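For the single chain, residues carry numbers from 1 onward in sequence order. Keep in mind that the numbers below use all heavy atoms, side chains included, and drop hydrogens, waters and symmetry copies. In this text the structure is predicted, and so the values were computed from the model without any measurement.
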Amino acid sequence: MAEFIREEFKLDRIIFIPTGNPPHKKVGDLERAQYRYDMVKLAIEDNPFFDISDIELKREGFSYTSDTLKKMKEIYPDEELFFICGGDSIIQFPTWHEIGTIFELASIIVLKGPMY
């Protein structure tokens with residue numbers, strides 16, 4: 001699916017950012033977050049257009065998408081950012097932290113249905 005999106009939207013690359021401590025889900029431990037990171041890293045290692053970031057794992061407190069996008073814009077100031085999410089997530093967008101910031105910093109790509 002990610003490769004299809006990359007090709008369809010002519011993206012230079014896709015950076016996967018496993019969730020650290022999302023405010024809308026049950027509190028998880030760092031070990032589970034690290035496990036998600038390790039599994040994604042293994043899953044994408046053969047695709048030269050895919051990368052992974054541990055930006056949310058390193059952050060203390062809740063992992064807000066708006067904060068992650070702010071940091072990504074600092075890292076990639078001249079790049080157009082895209083946020084890829086599942087249709088199940090977009091329904092909850094009105095409840096997300098600093099939703100306006102998300103739309104200011106990134107173009108949103110929504111997949112029909114969940115992303116798993």
Between G20 and R36 the two heavy atoms that sit nearest each other are O-NH2, 3.5 Å

Check the angle between the aromatic planes of F103 and F93 and answer parallel, tilted or perpendicular using the 30° and 60° thresholds. perpendicular

If you apply the rule side chain to side chain contact (heavy atoms under 4.5 Å, CB included), what do you find for T68 with I17, and how did you get there? CA-CA 9 Å; T68 300; I17 305 174; 3.8 Å; yes

At what distance, to the nearest 0.5 angstrom, does CG of D38 lie from CG of D54? 10.5 Å

Nearest 0.5 Å please: distance from the CZ atom of F82 over to the CZ atom of F9. 8.0 Å

Considering non-hydrogen atoms only, spot the tightest contact between Q34 and L57 and give its length. OE1-CD2, 3.7 Å

Heavy-atom pair of closest approach, residues G87 and V110: CA-CG1, 3.8 Å

With R6, which of E8, K10, E3 fulfils side-chain contact (heavy atoms from CB on, under 4.5 Å)? E3

To the nearest 0.5 Å, atom CZ of R13 lies from atom CZ of F49 at 12.0 Å

Please report the C-alpha distance between F16 and D51 in whole Å, then the side-chain angles of each, then the deciding distance to 0.1 Å, and finally whether the side chain to side chain contact (heavy atoms under 4.5 Å, CB included) criterion is met. CA-CA 6 Å; F16 292 80; D51 202 354; over 6 Å; no

Hey, could you give me the CD1/CD distance between I55 and E74, rounded to the nearest 0.5 Å? 8.5 Å

To the closest 0.5 Å, what do you measure between OG1 (T65) and CE (M72)? 12.0 Å

E56 and P18 have their tightest heavy-atom pair at CB-O, 3.6 Å

Closest contact, heavy atoms only, I108 versus C85: CG2-SG, 4.4 Å

Look at K73 together with E79 and state whether they make a salt bridge at an N to O cut-off of under 4.0 Å. no

Please indicate whether E60 has more than 12 foreign heavy atoms, meaning atoms of other residues, nucleotides or ligands, lying under 6.0 Å from its CD. no

From CD1 (I5) to CG (L111), nearest 0.5 Å: 4.0 Å

Given the rule in the side chain to side chain contact (heavy atoms under 4.5 Å, CB included) test, do E104 and L69 qualify, once you have shown the distances and angles that lead to the verdict? CA-CA 10 Å; E104 288 174 20; L69 287 171; over 6 Å; no

Nearest heavy-atom neighbours spanning I15 and S53: CG2-CB, 3.8 Å

Near K71 NZ, under 6.0 Å, is it more than 12 heavy atoms from other residues, nucleotides or ligands? no

